[in-house]
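Working notes, structure below.
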Amino acid sequence: MLRMSTLFLRTLRDDPADAEVASHRLLVRAGYIRRAAPGGFTWLPLGWLVYRKVEEIIRAEMNRAGFQEVHFPALLPREPYEATGRWTDYGDNLFRLRDRRDNDMLLAPTHEEMFTLLVKDLFSSYRDLPLSIYQIQTKYRDEARPRAGLLRGREFSMKDSYSFDVDDAGLEQSYERHRSAYIATFDRLALPYVIVSAVSGAMGGSASEEFLAPLPAGEDTFVRCTGCGYAANVEAVEVAAADAQSIEGRPDAIVADTPDTPTIATLVELLNSTDALSRASLGWDDRPWTAADTLKNVLVTLRFPDGRTEALAVGIPGDRELDLRRLEAQLAPAVPAPFSDEDFERHPSLVKGYIGPGVLGSSNSSQIRYLVDPRVVDGSAWVTGADQAGRHVIGLLAGRDFLPDGTVEAAEITNDDLCGRCGGALRLDRGIEIGHIFQLGRKYSEALGLTVAGPDGEPVTVTMGSYGIGVSRAVAAIAETHHDEHGLCWPAAVAPADVHLMIAGKEGGPQRAIAEDLASQLEQAGISVLFDDRADVSVGVKFADAELIGIPTIAVVGRGAAQNPGMIEVKDRRSGERRDIPLTEAIASLRPADR
RNA sequence: CGGGAUGUAGCGCAGCCUGGUUAGCGCACCUGCUUUGGGAGCAGGGGGUCGAGAGUUCGAAUCUCUCCAUCCCGACCA
């Protein structure tokens, strides 16, 4: 039993000034967590109870799926991460330190290497597989900008699992088992989620899905198709490509003077206001030019983890912006940055503002690799730069007049985009990444030499999957999902107690003894109680604290308790619905529904 | 890393522009009395390196410079 009179807790009447999102604000105000360091939080007694319940649900579902728990150090040597390249690839986000002998160490951001080496250490036969093992561990990432309390910290807790299989079919099965376990876990945590296709980023690997809790406080943007249910992280969205068109009998491209058209908008305006350049007079059709008819070519510099750089040109429809995040996701681990003035000086064939496919591409004068949006299909016609100041080329046909080096999904996604699968409308939303599952493949097993003997005695390289759930982040996501203007509203499965019992009578009256008795009986019946037994605060404070703390059921021992028969008031925190019940039925009524 | 804002008691803030006794207010905390069904009242009290350092000045929370930290937007981010 938790007694408010002695609980290590102080609730705050005001919101902390540095907290923006609801989960951060309320968890601090209600006395669950305190900031201890930039991106680091202390769990107070109530918070730790919730944390442990969340952790226990995750653990139970992992165990139920047949995965086994292990535990690694968070402090690790450099070598394994050097072997896989992640000592470099992780960049500034890795917490690095030196021991007294000057050895490089790190605080692990995730543990692929160690799991791989552990399995290599112990197992050597295909008959030992499949295997899935997991841990719940503190992870460290030197985030450039920790924010939103528990949602993005530099120290956080994560459940990470790894699967080991001899072949792709086995990996597929392990992946599906994790996917099912995650669905069961998030259902029990009362966390709403959308499963979206994702990119695997710095982790490497192929198939990858994220579980996103759809909340405005989330940092991830994702799309859902209103038609077929396709859902994807915006970084991984595949937009609908147009059908290729015939190039037979299409008018030749012409080069036109287009003075004073530094932007797409001014270019389109000029085209539409110059009779000789209208689509009709060029033999196309009757409609006016739009920004979507133009092709803009954006130059970026790619920086690879080893420090090497390379220029890249990206062609996207003129009505779109380049989304650097999407581009980066496609090109990982290379990081794109906008072209600088010095970069332009190094490539004299590029005429700023009038760059066109005439010079782009590996086989053209600039020798810059040229990737285009999937909408730039063979036979599509474009207005684009003529590689001369003040001139554009009109009606340039992809596949006839220029050949890109490939396609890339790098245009900003908007609500106007259509689903790449069914052509339906896409809807953009924000979400918190609460889980990520992906098929790593053999990246780590190859780098670290994890093989097992196959049935024929020959070594087989093991294929792996990696599966994460942010435990501390899940606590925040639950708080973010379940609260109102008065405070938190925990789902029963993770609440710090089943019942918030309070005394609401004059000191010296019979209520205290009745409440004490009821609290003991509830505990004996296996119903956990947070007992507001404080004698020195007014009932208003008790009600306000109860709503802030957010235990699902609030039971009040007040005026009615002294009557015959004695009554208590029971209030549902979430709905606000109250009812009076006889004391004799208290235990039956207060038992949580799922027990 | 770029832009913006902020840093004064546990929390929320005023004071700074225009330098001047002992740095203020609300909440929280402590003591006493009263009060007790929706963030009580009265009286008394404790708690401050005014983010840090340097400078200007007879005198700095206040002016100048440097640094640090936090928050927001962007960049970045399983």
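Here is the naming used below: chain letters follow the sequence lines, and residue numbers restart at 1 for every chain.
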[atom1] atoms of [N] and [M], separation to the nearest Å:
N      : M      : atom1 : answer
U31(B) : A23(B) : C1'   : 25 Å
U62(B) : U57(B) : C1'   : 13 Å
C33(B) : G39(B) : P     : 24 Å
G53(B) : C58(B) : C1'   : 23 Å
G51(B) : C73(B) : P     : 25 Å
A60(B) : G55(B) : P     : 12 Å
C63(B) : U8(B)  : P     : 16 Å
U21(B) : U36(B) : C1'   : 44 Å

Can you pull out every salt bridge (charged side-chain N to carboxylate O under 4.0 Å, His left out) where at least one residue sits in [range]? Sequence neighbours excluded, please.
range                       : value
residues 553-569 of chain A : Glu569(A)-Arg578(A)
residues 26-43 of chain A   : Asp15(A)-Arg29(A)
residues 172-182 of chain A : Arg179(A)-Glu209(A)

Sequence neighbours left out, what passes salt bridge (Lys or Arg N to Asp or Glu O under 4.0 Å) with [X]? Give chain and number order.
X         : result
Lys159(A) : none
Asp142(A) : Arg154(A)
Lys571(A) : Glu547(A)
Glu219(A) : Arg147(A), Arg152(A)

For [X] and [N], what is the distance between atoms [atom1] and [atom2] respectively, to the nearest whole Å?
X         : N      : atom1 : atom2 : value
Lys506(A) : U34(B) : NZ    : P     : 13 Å
Arg86(A)  : C77(B) : CZ    : C1'   : 14 Å
Arg430(A) : C73(B) : CZ    : C1'   : 12 Å
Lys542(A) : A40(B) : NZ    : C1'   : 14 Å
Arg152(A) : C76(B) : CZ    : C1'   : 9 Å

Of all residues at least two apart in sequence or in a different chain, which pass the ring-ring contact (aromatic ring centres under 6.0 Å, His included) check with Phe156(A)?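 Partners of Phe156(A) under the ring-ring contact (aromatic ring centres under 6.0 Å, His included) test: none.
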Using purine N1 to pyrimidine N3 plus N6-O4 or O6-N4 for Watson-Crick, or N1-O2 and O6-N3 for G-U wobble, each under 3.5 Å, what pairs with [N]?
N      : value
C27(B) : G10(B)
U70(B) : A5(B)
G59(B) : none
C65(B) : G53(B)
G48(B) : none
A40(B) : U34(B)
A75(B) : none
U22(B) : none

Assess, by modelled atom type and distance only, whether the side chains of Thr185(A) and Tyr193(A) contain a donor and an acceptor separated by less than 3.5 Å.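 There is no such pair (donor and acceptor under 3.5 Å, judged by atom type) between the side chains of Thr185(A) and Tyr193(A).
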Residue pair Asp220(A), Arg430(A): steps toward the salt bridge (charged side-chain N to carboxylate O under 4.0 Å, His left out) verdict: CA-CA 6 Å; Asp220(A) 285 87; Arg430(A) 305 267 283 176; over 6 Å; no
Among [options], which is the nearest nucleotide to the side chain of [X]?
X         : options                : answer
Phe543(A) : G37(B), U70(B), C72(B) : G37(B)
Val541(A) : U36(B), G38(B), G39(B) : G39(B)
Glu20(A)  : U70(B), C72(B), G39(B) : C72(B)
Val539(A) : U70(B), C77(B), G37(B) : G37(B)

Return a single string for nucleotides 8-13 of chain B, one symbol per nucleotide in 5' to 3' order, where B is base contact, S is sugar-phosphate-only contact and - is none, cutoff 4.0 angstrom on heavy atoms. --SSSS
Using a 4.0 Å heavy-atom cut-off, write out nucleotides 43-50 of chain B from 5' to 3' as B (base contacted by protein), S (sugar-phosphate only) or - (no contact). --------
Apply salt bridge (charged side-chain N to carboxylate O under 4.0 Å, His left out) to Asp160(A) and Lys139(A), showing your working. CA-CA 10 Å; Asp160(A) 49 331; Lys139(A) 306 285 182 183; 2.8 Å; yes
Please tell me which of Gly558(A) and Asp536(A) maps to the more 5' nucleotide of RNA chain B, matching each residue to the nucleotide holding its nearest heavy atom.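 Its nucleotide being nearer the 5' end, the pick is Gly558(A).
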Using the closest heavy atom to pick a nucleotide of RNA chain B for each, name whichever of Gly435(A) or Thr11(A) lands nearer the 5' end.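 Result of the comparison: Thr11(A).
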Look at the side-chain N and O atoms of Ser538(A) and state whether any lies under 4.0 Å from the OP1 or OP2 oxygen of U36(B).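 For U36(B), neither OP1 nor OP2 has a side-chain N or O of Ser538(A) closer than 4.0 Å.
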For [X], report the nucleic acid contact type (base, sugar-phosphate, nothing); a contact means any heavy atom under 4.0 Å.
X         : answer
Arg29(A)  : base
Glu547(A) : base
Gly468(A) : nothing
Gly505(A) : sugar-phosphate
Glu433(A) : base
Phe156(A) : base
Arg10(A)  : sugar-phosphate

Partners passing side chain to side chain contact (heavy atoms under 4.5 Å, CB included) against Ala544(A) (at least two apart in sequence or in another chain):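 Checked Ala544(A) against side chain to side chain contact (heavy atoms under 4.5 Å, CB included); zero matches.
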What are the residues of residues 479-486 of chain A, sorted by number, that bring a heavy atom to within less than 4.0 Å of RNA chain B?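 Nothing qualifies; none.
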Anything under 30° is parallel, anything over 60° is perpendicular, the rest tilted; go ahead and classify Phe186(A) against Phe211(A).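 Geometry flag for Phe211(A) against Phe186(A): tilted rings.
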If you go through the side-chain atoms of Arg147(A), does one of them form a donor-acceptor pair with the base of C71(B) closer than 3.5 Å?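 When only heavy-atom distances are counted, Arg147(A) does not reach the base of C71(B) through any donor-acceptor pair under 3.5 Å.
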Is any NZ, NE, NH1 or NH2 atom of the basic residue among Asp517(A) and Arg512(A) found under 4.0 Å from an Asp or Glu carboxylate oxygen of the other?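 Salt bridge: no.
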With salt bridge (charged side-chain N to carboxylate O under 4.0 Å, His left out) as the criterion, how do Asp14(A) and Arg25(A) come out once you've worked through the C-alpha distance, each side chain's angles and the decisive distance to 0.1 Å? CA-CA 9 Å; Asp14(A) 299 309; Arg25(A) 235 175 45 225; over 6 Å; no
